[in-house]
Amino acid sequence: MNFRHSSGQKNEPEINLVPLIDVMLVIIIFLMLTTTFSKTAGLEISLPTADASAGQPVSQEIVVAVTAPGKVIVNGRELPGGNVENIAAILASVRPATGPEPVVRINADAQASHQSVINVMQAAQRAGLARVTFETRQERKR
């Protein structure tokens, strides 16, 4: 056995970087393969246009118009506030007490915000009116 120390040479510990690089490369490949990417996109809506002839007239209708600035007009009467509670109160007051359930016909301007139309739909639901329809315009033939 040789127990002599070499004179003048000091063995300093060193870090071997090759295994570290190998492990990091495997981790990077694993993360690239297991990562999922989610695409957050806006709501894509294709609004319908009416192509059929006008439907049969309904005896009981409540006509609700929504203008471009967001004003709500119920049967020709403009509402002071466009919130859901005011619209629901007016719809409940114009609803007939007897007879068949009326149809709420929403006539919204093309530039009206979707939120104001949704407010009218929520108000109709709160007033107990389940039959809601939208008025559309016929597309011109070219």
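Keep in mind that the numbers below use all heavy atoms, side chains included, and drop hydrogens, waters and symmetry copies.
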Practice task
Only one of Val72, Val117, Ile73, Leu79 passes side-chain contact (heavy atoms from CB on, under 4.5 Å) with Val64; say which it is.
Solution key: Val72

Fill in the blank from the handout: Closest non-hydrogen atoms of Glu101 and Arg131, given as atom of the first, atom of the second and distance, are O-NH1, 3.1 Å

Practice task
Assess whether atom CD of Gln115 is packed by more than 12 heavy atoms of other residues, nucleotides or ligands within 6.0 Å.
Solution key: yes

Practice task
Could you walk me through whether Thr67 and Glu78 pass side chain to side chain contact (heavy atoms under 4.5 Å, CB included), step by step?
Solution key: CA-CA 10 Å; Thr67 62; Glu78 186 176 333; over 6 Å; no

Handout entry: Side-chain touch Val132/Val120, heavy atoms, less than 4.5 angstrom
Key = no

Handout entry: For Ala127 against Leu91, the heavy-atom pair lying closest together
Key = CB-CB, 4.0 Å

Exercise for the section: Working to the nearest 0.5 Å, report the span between CD1 of Ile21 and CG of Asn16. Expected result: 9.0 Å

Problem - Ionic contact status for Glu61 with Arg105, cut-off 4.0 Å - result: yes

Handout entry: Side chains of Asn107 and Phe134 in contact at under 4.5 Å (non-hydrogen atoms)
Key = no

Problem - Hydrophobic cluster membership, Val23 vs Ile15, 4.5 Å side-chain cutoff - result: no

Practice task
Tell me whether Met121 is reachable from Val84 by hopping between hydrophobic residues (I, L, V, M, F, W, Y) whose side-chain heavy atoms are closer than 4.5 Å.
Solution key: no

Practice task
Determine whether Glu135 and Ile106 make a side-chain contact, defined as any pair of heavy atoms from C-beta on separated by less than 4.5 Å.
Solution key: no

Exercise for the section: Please tell me if the side chains of Val63 and Val74 come closer than 4.5 Å, counting only heavy atoms from C-beta onward. Expected result: no

Handout entry: Val103 vs Gln60 side-chain heavy atoms within contact, under 4.5 Å
Key = no

Exercise for the section: Work out which heavy atom in Pro102 is nearest to a heavy atom in Pro96; give both atom names and the distance. Expected result: CG-CD, 3.8 Å

Handout entry: Heavy-atom side-chain proximity of Ile62 to Asn75 below 4.5 angstrom
Key = yes

Handout entry: From Asn119 atom CG to Asn83 atom CG, the distance as rounded to the nearest 0.5 Å
Key = 8.0 Å

Exercise for the section: Taking all non-hydrogen atoms of both residues into account, name the closest pair between Val66 and Ala112 and its distance. Expected result: CG1-CB, 3.9 Å

Problem - Arg126 side, atom CZ; Ile87 side, atom CD1 - distance, nearest 0.5 Å - result: 10.0 Å

Exercise for the section: Write down the atom of Ser116, the atom of Ser113, and the distance for their closest heavy-atom approach. Expected result: OG-O, 2.7 Å

Exercise for the section: Working to the nearest 0.5 Å, report the span between CG of Asp22 and CG of Leu17. Expected result: 11.0 Å

